[in-house]
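Values reported hereafter were calculated over all heavy atoms of this structure, with side chains retained and with hydrogens, waters and symmetry mates removed. Every chain is numbered from 1, with letters handed out A, B, ... down the list of sequences. This structure is a prediction, so every number in the text was calculated from the model and none was measured.
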Protein chains: 2
Amino acid sequence: MSLSQRKEKILAAVVEHYIPTGEPIGSKALCEELGFSSATIRNEMSELCELGFLEQKHTSSGRIPSSKGYRYYVDNLMNTSPLEDIECAKLEAMLRSGAKTPEKIIENAGGVLARLTNCATVITTPADKSASISKVELIPATAKTAVLVLLTSSGIIKNCVCRIDIDINDNIKDTFKKIVDKYFIKARVAELSEEMLEEIISALGTEDYAVKPLLSALYELGREAGESKAFVRGEGNLISHSDYANLSELMEFLQQREQLSRLVSFEENRDNSRMSILIGSENYFHEMEDSSLILSRYAFGDNAMGTIGVIGPTRIDYSRLIPDVEYLTDMVGRLLAENFGDNDNN
Amino acid sequence: MSLSQRKEKILAAVVEHYIPTGEPIGSKALCEELGFSSATIRNEMSELCELGFLEQKHTSSGRIPSSKGYRYYVDNLMNTSPLEDIECAKLEAMLRSGAKTPEKIIENAGGVLARLTNCATVITTPADKSASISKVELIPATAKTAVLVLLTSSGIIKNCVCRIDIDINDNIKDTFKKIVDKYFIKARVAELSEEMLEEIISALGTEDYAVKPLLSALYELGREAGESKAFVRGEGNLISHSDYANLSELMEFLQQREQLSRLVSFEENRDNSRMSILIGSENYFHEMEDSSLILSRYAFGDNAMGTIGVIGPTRIDYSRLIPDVEYLTDMVGRLLAENFGDNDNN
DNA sequence: TGTTAGCACTCTAAACACACGAGTGCTAAA
DNA sequence: TTTAGCACTCGTGTGTTTAGAGTGCTAACA
C-alpha cells in the first residue's frame, strides 16, 4: 500500500516527533512544521488512523505511530546515515579488545552493542550443521585430569576439563587417539548421536574402559559445537526506557532464552536478507508486542551464520540503530574472517 | 551495643513484618502480635528510632528497619534454616549441567543463583597471584592459524586462536616451544611483564620473527589467567523489586564492573571469614545505598579464591538468601575440587 | 473539489479542598 | 514501669473544578 505524498510527510513528521520526545503530537504543531493548515492535517490524520498507521490513546490526544506506521516509515520514509568515522574507530577498538576466540568476540560484541544503543541485545553463536570435527587434542593437566580441545571445520573451538579414574598413561592416550581418529575426526557434529557413543563405549575392552569419561566429554563438546547458543546482554538498559508498561514480563521473556532463540532462528530462515526488523505486534510473542527487534546476520566461515540484534521499545531511533547494528555485524564478520578464516592467502 | 530483650523482640517483629510486605508497621499491629500495649511499644520504638535501628518515612507513618536495624537483626536475631534436600538436589543438578570448565562452572553458578534468589548476582573468577604457568600447547588449526592453550598450576585454562604470517611449520613450533620452556613454563602469571615480552621478541632472529604473534597472545593469556574477572547476572531481576527509587543508577553501577570488582575484592581482603554481608549504607558506594550485598567465598585450588554474591534491595529475606548463597558457594567449591582438583588420590 | 477557518465538544492533567485513618507523642493514672 | 486516653500530624484517597490541548464537523472560500 502506498500513501499520498502529503500523508507520507505527515506520517514521517509524527514518527520523527514521537521517537525523541515520547509525546503524542497534534495537528497544530504539525501545521507549523509542515505548512498545511491544521484542519487539513486533522483530516489526513484521521484517515491515517483509519488506515492503521496512527493511533491515539484517547479521543482528544495527539497521534502516535502504530506498529504499521513505524513499519511504513522504516521501509519507505526513513533516512539513515552511516556511522561517523570516530564512532567506527571506537567500536572497532572495543570489539578488538580482549577477545581472542570466536565465541568471545561474538559475546563481547553483544555487550558493546548494548552499551552503544542503550538497549538489550541478543546474540546467537553460529550453528553450522555441516561442520565436522577437524581436530581433537588431549592435554594432560594433572595425573588424572586432562584438557580436551576440539576444533571444527568451521573454526569453532571448544574445551573442557575431564577427570578419569586412573592415571593418564600412554595406553590411555593411544586408545583415545585411535577411537577419535576412527569415529570422531571428520564426523559431522550434527550426526553425533547418543547411540553411536553407546556403541563405542560398549565395544571398549576392560583395560580401555577408563577412557569412557573422555569419550563422553568429547561427545558433549561435539554436540555443543553444533548448537547455536543465544546470549542476552544489557537487559538492565531497558529500565531507562519509560515506554514499557510492564517491563517484568519482558524481562522474564528474555531470561528464558529458548523462545527468543526460536524467534531469532525462525527469522534467520524466513528471510534470507541480511537484516530483519520486527516491530511491535510483528513479533510473534505477546511479551514482545511493545518491543522492536533489529536483527542482523554475520557470516562465520563458509556455511555458518549467527545473528546479532537489538531489543528495545517500539519507540526507538530506527535511523540510528539500524546502521549501528549493521556496522557491528559487519565488523564482527570481518574480525572473525580476519582472525580465524580458512583463507590463508591474504 | 546490646538491646533489651523487649527491644530485640520489637526490632525482630518490625523486620519480619517489613521484609515480606514492604509496608511500615505501627504500634497497634505490633501490640496484637507481641502482647505489650501499643503505648509501651510506641515508647520503645521511639527509642529504637533515636538509637538508629528504626526509621520512619514521615511523622505519622509506621516504622521500618534502618541499615543498622537490619545489621543487628542479621547479627543477633535472625534464625536461618538450612536448605531443603529437594532444593539442594535441584541446585546441584543445575550446577552440574553443561559446564565442564572451571570458568564456566563459576559463570553458570551466577545464573543459577540469580534465578534462585530473583536478585542480581556478582561472581568473580579466582585470582591466584601465586599461580604459575604449568603447560602451554600449540594446536595448529589451519595452515596459518593455531589454537593456543594455557594451563596454570591452579587449574585455570585459557585458550585463544592466533594467526601468524607464515605457515606454521616445524621450525616455528620448535622456536615457540623453546621460548615457552625457557621463559613461560613455571613463570608466575603475576610476574609476566610487558618488558619481558619485549625483550624476548627483540631477541628473535629474522627467521623466527613470525612467532611474535604467538608470544603476544600467550602473554595475554597469562595475564588473563592471573586476573580476577567479575560477572554480573540477572540484573533484570531487580526491576521486580518495588523498593528501588531510581533503579537506573544502580543498573549503571552494575554495568561498569570496575567499581563492583573493587568492592568485592576489598571485602575479600578486609574480612577473612567466609561470608560478608553489606547492608545498605554499609556499602561503600552511594549507588548501592539502597542495596544489600551478600558475598561468600569459594576456594579454588590451594591458594586462589573467588566470590559469589547476591545484590538485592536492603529489604531482602536475609534468612533465606544467606543459606542459599552459602550452599551455592559450597557446592561450587566442591564441584571445582571434584573435577579439577590437584588431589588425585580420591 | 480540495482547502481552510471557526466552533462546539471531549478528554486529560493539574490544582484544590476535604475527610479519613493510621500512627504518633505526651500526660496522667494505675 | 506500664497503660489508657487524647490531641495532633501527615499521607492517601476522593470529588470537584479548571485550563488546555486536540478533535470532528460544518460552512465558507479558491
Side-chain angles (χ1 to χ4, degrees), chain A residues 2-66 69 242-243 245 315, chain B residues 2-66 69 242-243 245 315:
Chain A
S2 181
L3 296 173
S4 75
Q5 218 178 345
R6 193 168 61 189
K7 280 203 180 59
E8 289 194 340
K9 267 191 181 169
I10 291 174
L11 177 57
V14 171
V15 172
E16 281 162 14
H17 175 270
Y18 187 65
I19 283 180
T21 66
E23 298 290 324
I25 187 168
S27 54
K28 208 167 153 191
L30 282 180
C31 161
E32 284 169 23
E33 198 180 320
L34 299 177
F36 314 111
S37 85
S38 67
T40 309
I41 293 178
R42 273 204 293 285
N43 290 332
E44 293 283 45
M45 290 216 288
S46 164
E47 283 177 48
L48 283 169
C49 264
E50 274 173 32
L51 294 169
F53 293 97
L54 296 180
E55 284 172 352
Q56 48 185 170
K57 288 184 179 152
H58 48 264
T59 350
S60 74
S61 82
R63 303 307 213 284
I64 60 174
S66 66
S242 49
D243 302 68
R315 179 176 80 79
Chain B
S2 180
L3 296 173
S4 74
Q5 219 179 345
R6 193 168 62 189
K7 281 202 178 63
E8 287 193 342
K9 268 191 179 167
I10 292 174
L11 177 57
V14 172
V15 171
E16 280 161 16
H17 174 270
Y18 187 65
I19 283 180
T21 65
E23 296 291 325
I25 188 168
S27 52
K28 208 166 154 191
L30 282 180
C31 161
E32 282 168 26
E33 199 180 319
L34 299 177
F36 314 109
S37 84
S38 68
T40 308
I41 293 177
R42 274 205 292 286
N43 288 332
E44 293 283 46
M45 290 216 288
S46 164
E47 284 176 46
L48 283 168
C49 262
E50 274 173 33
L51 293 170
F53 293 97
L54 296 179
E55 284 173 352
Q56 48 186 169
K57 287 183 180 153
H58 48 264
T59 349
S60 74
S61 81
R63 303 306 215 283
I64 60 173
S66 66
S242 49
D243 302 69
R315 180 176 79 80

Using the test side chain to side chain donor-acceptor pair (under 3.5 Å), find all partners of B:S66 that sit at least two apart in sequence or belong to another chain.
none

Does the protein touch nucleotides 11-21 of chain C at the base, only the backbone, or not at all? Give it as B, S and - per nucleotide, heavy atoms under 4.0 Å.
BS---------

Atom-to-atom span, CG of B:L48 to P of C:dG25 - whole angstrom:
12 Å

Using a 4.0 Å cut-off on heavy atoms, which residues in residues 22-30 of chain A reach DNA chain D? List them by number, or say none.
A:G26, A:S27

Calculate the interatomic distance between B:Q56 atom CD and C:dG23 atom P; express it in whole Å.
11 Å

Listed by chain and number, what are the side chain to side chain contact (heavy atoms under 4.5 Å, CB included) partners of A:T59, not counting sequence neighbours?
none

Could you tell me which residues satisfy side chain to side chain donor-acceptor pair (under 3.5 Å) with B:S37, sequence neighbours excluded, listed by chain and number?
B:T40

Any heavy-atom pair between the side chains of B:L3 and B:F53 that's under 4.5 Å?
yes

Run the side chain to side chain contact (heavy atoms under 4.5 Å, CB included) test against B:S60 and tell me which residues pass, sequence neighbours left out.
B:H58

By salt bridge (charged side-chain N to carboxylate O under 4.0 Å, His left out) - contacts of B:K7 (at least two apart):
B:E44, B:E47

By salt bridge (charged side-chain N to carboxylate O under 4.0 Å, His left out) - contacts of B:R315 (at least two apart):
B:D243

Counting only pairs under 3.5 Å, give me each side-chain donor-acceptor contact of residues 20-34 of chain A, with atom names and distances, residues two or more places apart or in other chains.
unit_1, atom_1, unit_2, atom_2, d
A:T21, OG1, A:H17, O, 2.7
A:T21, OG1, A:E23, N, 3.0
A:S27, OG, A:R42, NH1, 3.2

At under 4.0 Å between heavy atoms, which parts of nucleotides 2-8 of chain C does protein reach? Answer with one letter per nucleotide, 5' to 3': B base, S sugar-phosphate only, - none.
-SBBB--

